[in-house]
Amino acid sequence: MLQIHNTLTRRKEAFVPIDPENVRMYVCGMTVYDYCHLGHARVLVVFDVVARHLRRVFGAEHVTYVRNVTDIDDKIIQRANEHHEPIDRLTGRFIEAMHEDAAALGVLPPDEEPRATRHMDEIIAMIRTLVEKAYAYVADNGDVYYDVSRFEHYGELSGKRLEDLRAGARVEVDAAKQDPLDFVLWKAAKPDEPSWNSPWGPGRPGWHIECSAMSTSCLGAHFDIHGGGLDLQFPHHENEIAQSEAATGEKFVNVWMHNGFVRIDEEKMSKSLGNFFTIREVLERYDPEVVRFFILNSHYRSPLNYSDQHMDEARAALTRLYTALRGLELPPEAASGEHEARFVAAMDDDFNTPEAIAVLFELAREINRLRESEPAEAARLGAAMQRLGGEIGLLESDPEYYLKGRAPKRITATFTAGVESLGHVARSADINFESLSDTNSFAETSISGSGLTEEEIEDLIEKRAQARMNKDWAESDRIRDLLAAQGILLEDSPQGTTWRRK
RNA sequence: GGCUGAGUGGCAGAGUGGCUAUGCAGCGGACUGCAAAUCCGUGUACCUCGGUUCGACUCCGGGCUCAGCCUCCA
């Protein structure tokens, strides 16, 4: 039985869909005026895993996952002005970049990805309804505001009371508002600002209304799960509830899910603090699957502390899993049984990915233990491990490809490799990583880290094998050290020598 | 000031009213020409003070510390 922690009740609850034939989830995606940072990566990966598990539980065809794009707001306008660039080109660029980042992280596309600017009719219609029902008012300056005092459940999601909020010193006082807590639904356009026509004159939507309009439009007035980062709990999601429930007269969402923050040095990573890393920066240095592993190795509601040390540990851990998989002839049918039951139970328990990953490590040990004595059983367990890993978007690559070092894009000056030595371009090619679709540039980045081609590495290994046959340990060690200096680790076994990148 | 959430072994990170999480690092052993990888063994972990209980890291209460929200932010 799937249990999900509901922010609304602050408890884990059994998840009972409104309609098991169509389980509906809406997640607040990006406001696209810049590259995605690690916080966005966390949302993308966490809710990707939620969607995958819902599909497992209810059937792929019975789940609708909507993740929106907010492509009009003050910061977008500001950024476009700074760049002297039309808004839709700016947002188009960053949407494309977001898709690249998501794909690299193994995030499957949502079923729908609505954009605010393409739902202007629904947005205006909802505001009109709110005005008609007197939940909203037109101010002297032409803006339309939501009247917070009219909505009796205001503050329920975030556990706040209106009096407390008003007492908070940081509420900005705006002469046009009747109450400082009222928030804007429609902003009258100033000169030279992009605008849409509306019953209240040309303008653009305020921040929160687009999500109410898009979610309702895509999923109906009442749906199952609404997710996003913890920082959206207030005011964004609180305001969404106020808007939607006032407009439709129905309960908006049954289960609210919020993922925890990414931190740097025990401090929230955020744009205003300037202490953030973009996904692309991190992918310069770490394999995308390592990033995904790192994210999933903590529970989604816990804080996630980013540091090089933690990333290195994640890489070491993932390498252990792939090492177990290496060299196995995986049968089409996977062993299941106890491991699978525990994996699924962990996922059913509020998407406990660390616990699920622990099961993968237990499989790895079992595989390593049996690999000599019972190779067939080891292979069956390997298939199980890969399949279970795949349920959370891990271990889907060829182990050789992972271990021989596809990703870290350290560019070295000594790079000389030819494209033919590349071997595998699989992961990135499979997912249409468009910015890297130029094979040559991907070859360069993927092979770098050492200036050696796979061919050259194999040659040196062969030379070393000769030396070892002659018991010339000095020469053997010299070659091994030489390769080690290039980041290539050798592993001898009775079956021969294999290598991997450090 | 109001409201959340959290404090687990060297590090990261799950979990449970009494029984090994897991990974990384360390130590001992096996294997190896030596390594690496792997396997076996190994760590008197649960912020603090009270309470409930036969028994609490796990439940309850106080305290301390940390993080977050109350302004844009995933």
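Just so we're on the same page: letters track the sequence lines, and every chain starts at 1.
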For rA14(B), does OP1 or OP2 lie under 4.0 Å from any side-chain N or O of S302(A)?
-> yes

Nearest of rA37(B), rA74(B), rA12(B) to any side-chain atom of H310(A)?
-> rA12(B)

Do D164(A) and rG1(B) share a donor-acceptor pair, side chain to base, under 3.5 Å?
-> no

Could you give the distance separating rG50(B) and rG55(B) at their P atoms, to the nearest angstrom?
-> 16 Å

Using a 4.0 Å heavy-atom cut-off across all strands, classify R480(A) as base, sugar-phosphate, or nothing.
-> base

Under 4.0 Å between any heavy atoms, over every strand shown, what does Q233(A) touch: base, sugar-phosphate, or nothing? Just pick one.
-> nothing

Remember a base hit wins even if backbone is also touched, and classify N259(A) as base, sugar-phosphate or nothing at under 4.0 Å, heavy atoms.
-> base

When every nucleotide of nucleotides 16-32 of chain B is labelled 5' to 3' by its protein contacts under 4.0 Å (heavy atoms), B for base, S for sugar-phosphate only, - for none, what sequence of letters results?
-> -----BSBS--------

Per nearest nucleotide of RNA chain B, the residue lying toward the 5' end, H299(A) or T31(A), is H299(A)

Ranking R161(A) and L38(A) by the position along RNA chain B of their nearest nucleotide, the one closer to 5' is R161(A)

Taking a pair to mean Watson-Crick or G-U wobble geometry with both distances below 3.5 Å, rA6(B) pairs with rU65(B)

Sugar-phosphate only, base, or nothing, as touched by R478(A) at under 4.0 Å among non-hydrogen atoms = nothing

Can you tell me if the side-chain N/O atoms of K268(A) get under 4.0 Å from OP1 or OP2 in rA74(B)?
-> no

So what does S270(A) hit on the nucleic acid, given a heavy-atom distance under 4.0 Å: a base, only sugar-phosphate, or nothing?
-> base

Is the distance from OP1 or OP2 of rA12(B) to the nearest side-chain N or O of N305(A) less than 4.0 Å?
-> no

Under 4.0 Å between any heavy atoms, over every strand shown, what does G229(A) touch: base, sugar-phosphate, or nothing? Just pick one.
-> sugar-phosphate

Within the structure shown, what part of the strands sits under 4.0 Å from E266(A) by heavy-atom distance: base, sugar-phosphate, or nothing?
-> sugar-phosphate

Just checking L490(A): base, sugar-phosphate only, or nothing, at a heavy-atom cut-off of under 4.0 Å?
-> base

Mind checking G29(A) for me? I need base, sugar-phosphate or nothing, with any heavy atom below 4.0 Å counting as a touch.
-> sugar-phosphate

Whole-Å distance separating the CZ atom of R10(A) from the C1' atom of rG68(B) = 13 Å

For V262(A), report the nucleic acid contact type (base, sugar-phosphate, nothing); a contact means any heavy atom under 4.0 Å.
-> base

